[in-house]
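Fair warning: this is a prediction, and the values are worked out from it, not measured in the lab.
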Amino acid sequence: MALLQPKRTKHRKMFKGKRGGVATRGNSLSFGAFGLKAMEAGWITARQLEAARRAMAHFTQRGGRIWIRVFPDKPITKHPAESRMGSGKGDVEGYVAVVKPGSLIFEMGAVTKIVAEEALRLAAHKLPIDTKFVEKGIG
């Protein structure tokens, strides 16, 4: 299982940041005819993205095309269990993609609407945020 993560980063650790506002970029279908749009802000881990992608690929029996429109490039740190307070920032535990409301997470093409709707529904169950099915020309 090759999880998505940056090949190299300028800084090893990152601030948490604020999650306000709506997506002004990456909020319209560019590649496929159907998509999964985020309805709330949040972090999606590389593991969650991979699980959702696998669910879609499994349902479509690897038919059609899948595009992942977000990339987990934000490192998340964590202290080891039962360690004392202080002593700096914890080690990098994994990577997350910062998602704003309106941003597309996945796109699908070369499948029928019924297949795409079900595949994206299965993928949505793997994600920690509310999502919405969108298609070209609508929503």
Side-chain angles (χ1 to χ4, degrees):
M1 178 168 83
L3 291 175
L4 289 173
Q5 68 178 46
K7 282 190 178 76
R8 54 189 297 276
T9 55
K10 189 170 184 179
H11 303 289
R12 200 161 51 91
K13 296 170 182 178
M14 203 182 273
F15 289 154
K16 277 190 181 161
K18 299 280 184 269
R19 300 189 213 176
V22 294
T24 53
R25 301 160 66 157
N27 58 0
S28 57
L29 289 167
S30 303
F31 303 101
F34 310 101
L36 195 65
K37 186 179 264 196
M39 298 314 288
E40 58 183 352
W43 287 347
I44 300 177
T45 67
R47 286 181 182 277
Q48 289 162 346
L49 273 174
E50 178 62 14
R53 186 199 64 77
R54 280 189 176 189
M56 290 164 66
H58 181 261
F59 180 77
T60 58
Q61 279 124 32
R62 311 242 325 271
R65 295 280 323 263
I66 297 169
W67 291 271
I68 304 172
R69 293 290 307 273
V70 293
F71 186 80
D73 56 357
K74 183 184 185 70
I76 296 303
T77 61
K78 207 171 189 181
H79 270 290
E82 298 176 19
S83 64
R84 292 188 173 183
M85 291 278 111
S87 70
K89 202 167 164 78
D91 297 325
V92 174
E93 192 212 19
Y95 289 87
V96 296
V98 179
V99 173
K100 290 184 171 188
S103 60
L104 281 163
I105 303 165
F106 291 108
E107 285 190 33
M108 273 191 106
V111 288
T112 62
K113 183 184 175 182
I114 297 141
V115 171
E117 217 164 335
E118 181 60 18
L120 289 166
R121 186 189 69 82
L122 291 170
H125 283 300
K126 308 285 182 192
L127 302 176
I129 58 172
D130 284 341
T131 54
K132 176 178 147 187
F133 176 80
V134 291
E135 56 181 305
K136 256 214 169 43
I138 303 166

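The CG atom of Leu29 sits 5.0 Å away from atom CG of Leu104, with the distance rounded to the nearest 0.5 Å. Here the straight-line distance linking atom OG1 of Thr131 with atom CG of Leu36 works out to 4.0 Å at 0.5 Å rounding. The structure places NZ of Lys37 at 10.5 Å from CZ of Arg69, a figure rounded to the nearest 0.5 Å. From Phe31, atom CZ reaches atom CD1 of Ile68 across 12.0 Å, with rounding to the nearest 0.5 Å. The line from CH2 of Trp43 to NZ of Lys74 is 5.5 Å long, rounded to the nearest 0.5 Å. Atom CZ in Phe133 sits 4.5 Å away from atom CD in Glu117 (nearest 0.5 Å).
Considering only heavy atoms from C-beta on, Pro72 comes within 4.5 Å of Leu49 through its side chain. Taking 4.5 Å as the limit, every side-chain heavy atom of Val99 sits out of range of all side-chain heavy atoms of Leu127. With contacts defined as side-chain heavy-atom distances shorter than 4.5 Å, the pair Leu4/Tyr95 does not qualify. Residues Ile114 and Glu118 have side chains not in contact (no heavy-atom distance under 4.5 Å, counting atoms from C-beta outward).
Residue Glu135 comes nearest to Phe34 through the heavy atom pair CB-CD2, 3.6 Å, listed as atom of the first residue, atom of the second, then distance. In terms of heavy-atom proximity, Glu40 sits nearest to Pro128 at OE2-O, 4.1 Å. Of all heavy-atom pairs between Gly63 and Val111, the closest is O-CG1, 4.1 Å. Residues Ala23 and Gly102 come closest through the heavy atom pair CB-C, 4.0 Å. Across every non-hydrogen atom of Ser83 and Pro80, the tightest pair is OG-O, 2.9 Å.
Judged by distance alone, the side chain of Lys89 and the main-chain N or O of Thr77 form no donor-acceptor pair under 3.5 Å. A donor-acceptor contact shorter than 3.5 Å is absent between the side chain of Lys13 and the backbone of Pro75. Of the possible donor and acceptor atoms, one in the side chain of His79 sits under 3.5 Å from a partner among the backbone N and O of Gly88. Checked by atom type and distance alone, the side chain of Glu107 pairs as donor or acceptor with a backbone atom of Ser30 at under 3.5 Å. Judged by distance alone, with hydrogens and angles left aside, the side-chain atoms of Thr60 form a donor-acceptor pair with the main-chain N or O of Met56 at under 3.5 Å. Between the Lys113 side chain and the Ala33 main chain, no donor and acceptor come within less than 3.5 Å of each other.
Screening Val96, Val98, Ile129 for a side-chain contact (heavy atoms from CB on, under 4.5 Å) involving Ile44 leaves a single residue, Ile129.
Ile66 and Val134 fall into different hydrophobic clusters, defined by Ile, Leu, Val, Met, Phe, Trp and Tyr side-chain heavy atoms under 4.5 Å apart, directly or through other members. Under the 4.5 Å side-chain contact rule for hydrophobic residues, Phe106 and Met108 share a cluster.
Between Glu50 and Arg47 there is no salt bridge, since no side-chain N of the basic residue sits under 4.0 Å from a carboxylate O of the acidic one.
Annotation for His11: atom NE2 does not count as buried by contact number, only 12 or fewer foreign heavy atoms lying within 6.0 Å.
Within the structure, every pair that satisfies the salt bridge (charged side-chain N to carboxylate O under 4.0 Å, His left out) test and touches residues 91-103, not counting sequence neighbours, is listed here: Lys78-Glu93.
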